[in-house]
Amino acid sequence: MLALFFCNIGSLGMHYSQACVSNITVHNTIIRDSNNQVRIKTWQGGSGSVTGLSFDTIQMKNVLNCIIIDQYYCYKKGCQNETSTISLSEISYRNIKGTYNIRKMPIHFACSDTIACTNITMSEVEIPPHEGDLVADPFCWNTYGIQQTLTVPPIN
Ligand SMILES: *[C@@H]1O[C@H](CO)[C@@H](O)[C@H](O)[C@H]1NC(C)=O
Ligand SMILES: *[C@@H]1O[C@H](CO)[C@@H](O)[C@H](O)[C@H]1NC(C)=O
Ligand SMILES: *[C@@H]1O[C@H](CO)[C@@H](O)[C@H](O)[C@H]1NC(C)=O
């Protein structure tokens, strides 16, 4: 079960489909020199929910796109936004440490306009640049929850 999902959940909701994913824990993982790590991606127009995900104790080294939620996933150009969307809630990121590659923003939360992501918990998420300086602040759109400890880089 865990190996099947690894750290990439998605893409869900393609072609207006329904998806329900709940209670998945990913823990004790090491990721290095890689792309798209702890990622959840859903299509606009899908329905259902993703809830109860826990990403716990993950070490990263020189990783692109460390922590991603993309609810606007689309592999072709010109996908429209829809009113229906898969809801995301109860997602926790705990003890995620290491370094990121500055070519991509390390933390990117793009939640749907119609349903916000809720109860997102960040605790001991510390991912400074592998080399060089931070290029942009983490992106956070329609995403709500708590930071139990200050995240590095800081997010609002
Ligand atoms: C997920 O976990 C919650 C809390 O432990 C539980 O109430 C719920 O029934 C679980 N859902 C599934 C689909 O197992
Ligand atoms: C969909 O919504 C997002 C967030 O509001 C916006 O950034 C994006 O431009 C919209 N896409 C289209 C195709 O309208
Ligand atoms: C989400 O968090 C709020 C406050 O932090 C809490 O009241 C609510 O019960 C949580 N929702 C679920 C489904 O646990």
Side-chain angles (χ1 to χ4, degrees), residues 1-31 34-60 63-98 100-101 103-127 136-149 151 153-156:
M1 190 66 175
L2 298 186
L4 185 66
F5 282 96
F6 190 49
C7 294
N8 254 307
I9 314 268
S11 57
L12 302 171
M14 191 182 185
H15 299 142
Y16 306 94
S17 60
Q18 187 182 33
C20 295
V21 174
S22 64
N23 299 354
I24 292 178
T25 299
V26 176
H27 81 140
N28 279 338
T29 305
I30 299 174
I31 300 162
S34 173
N35 205 344
N36 294 328
Q37 293 328 318
V38 177
R39 179 167 68 162
I40 299 165
K41 55 186 187 181
T42 71
W43 289 70
Q44 289 283 302
S47 62
S49 65
V50 172
T51 186
L53 304 190
S54 169
F55 298 99
D56 191 340
T57 308
I58 297 177
Q59 273 182 51
M60 301 184 166
V63 160
L64 287 165
N65 298 326
C66 303
I67 297 179
I68 308 287
I69 292 177
D70 181 6
Q71 293 215 267
Y72 298 89
Y73 184 72
C74 178
Y75 58 58
K76 53 189 198 307
K77 283 234 155 66
C79 283
Q80 292 300 304
N81 287 333
E82 309 279 351
T83 48
S84 131
T85 191
I86 292 174
S87 70
L88 303 192
S89 64
E90 307 298 312
I91 300 170
S92 72
Y93 301 92
R94 290 178 195 281
N95 191 21
I96 300 185
K97 296 191 176 163
Y100 75 95
N101 184 316
R103 287 193 292 132
K104 288 285 177 70
M105 237 181 285
I107 300 174
H108 186 98
F109 290 134
C111 292
S112 286
D113 284 321
T114 44
I115 306 180
C117 298
T118 56
N119 289 37
I120 309 297
T121 304
M122 311 283 288
S123 177
E124 294 178 83
V125 175
E126 294 167 18
I127 321 167
D137 289 331
F139 179 80
C140 199
W141 182 259
N142 217 15
T143 307
Y144 300 91
I146 53 168
Q147 286 183 72
Q148 291 177 335
T149 63
T151 297
I155 47 176
N156 286 325

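Just the heavy atoms: all of them, side chains too, but no hydrogens, waters or symmetry mates, feed the values below.
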### Query
Do the non-hydrogen side-chain atoms of D113 and Y72 ever get within less than 4.5 Å of each other?
yes
### Query
Relative to each other, are the rings of Y73 and Y75 parallel, tilted or perpendicular (30° and 60° limits)?
perpendicular
### Query
I96 versus M60: any side-chain heavy-atom pair under 4.5 Å?
yes
### Task
Carefully, step by step, assess F55 and I40 under the rule side chain to side chain contact (heavy atoms under 4.5 Å, CB included).
CA-CA 11 Å; F55 298 99; I40 299 165; 4.1 Å; yes
### Query
So, do R94 and T121 sit near enough that their side-chain heavy atoms are less than 4.5 Å apart?
yes
### Query
For the atom pair SG (C140) and CE (M105), what is the distance rounded to the nearest 0.5 Å?
11.0 Å
### Query
Is there a side-chain contact between S54 and H27, using heavy atoms and a 4.5 Å cut-off?
no
### Minimum heavy-atom distance between I86 and Q71, given as atom pair plus value
O-NE2, 2.8 Å
### Query
Rounded to the nearest 0.5 Å, what separation is found between the OG1 atom of T57 and the NZ atom of K97?
9.0 Å
### Heavy-atom side-chain contact between P106 and P153 under 4.5 Å
yes
### Query
Is a side-chain donor-acceptor pair under 3.5 Å present for S89 with N119?
no
#### Entry: Note, I155 side chain near F109 side chain (heavy atom, < 4.5 Å)
yes
### Query
OG1/T51 to CG/N23 distance, rounded to the nearest 0.5 angstrom?
7.0 Å
### Query
So how far is it from L53 CG to I91 CD1, rounded to the nearest 0.5 Å?
5.0 Å
#### Entry: Close side-chain approach of S11 to W43, heavy-atom, < 4.5 Å
yes
### Message
Which heavy atom of V125 sits nearest to which heavy atom of T149, and what is that distance?
### Response
N-OG1, 4.4 Å
### Query
Of all heavy-atom pairs between Y100 and C66, which one has the smallest distance, and what is that distance?
CB-SG, 3.3 Å
#### Entry: Gap separating the CG atom of N81 from the CD atom of Q44, nearest 0.5 angstrom
4.5 Å
### Message
Under a 3.5 Å distance rule, please check whether Q147 uses its side chain to pair with a backbone N or O of P154 as donor and acceptor.
### Response
no
### Query
Looking at CD1 of I58 and CD1 of I30, how far apart are the two atoms once the value is rounded to the nearest 0.5 Å?
11.0 Å
#### Entry: N142 side chain to C111 backbone, donor-acceptor under 3.5 Å
no
### Task
Measure the shortest side-chain to side-chain distance between I127 and I67 over non-hydrogen atoms and say whether it is less than 4.5 angstrom.
yes
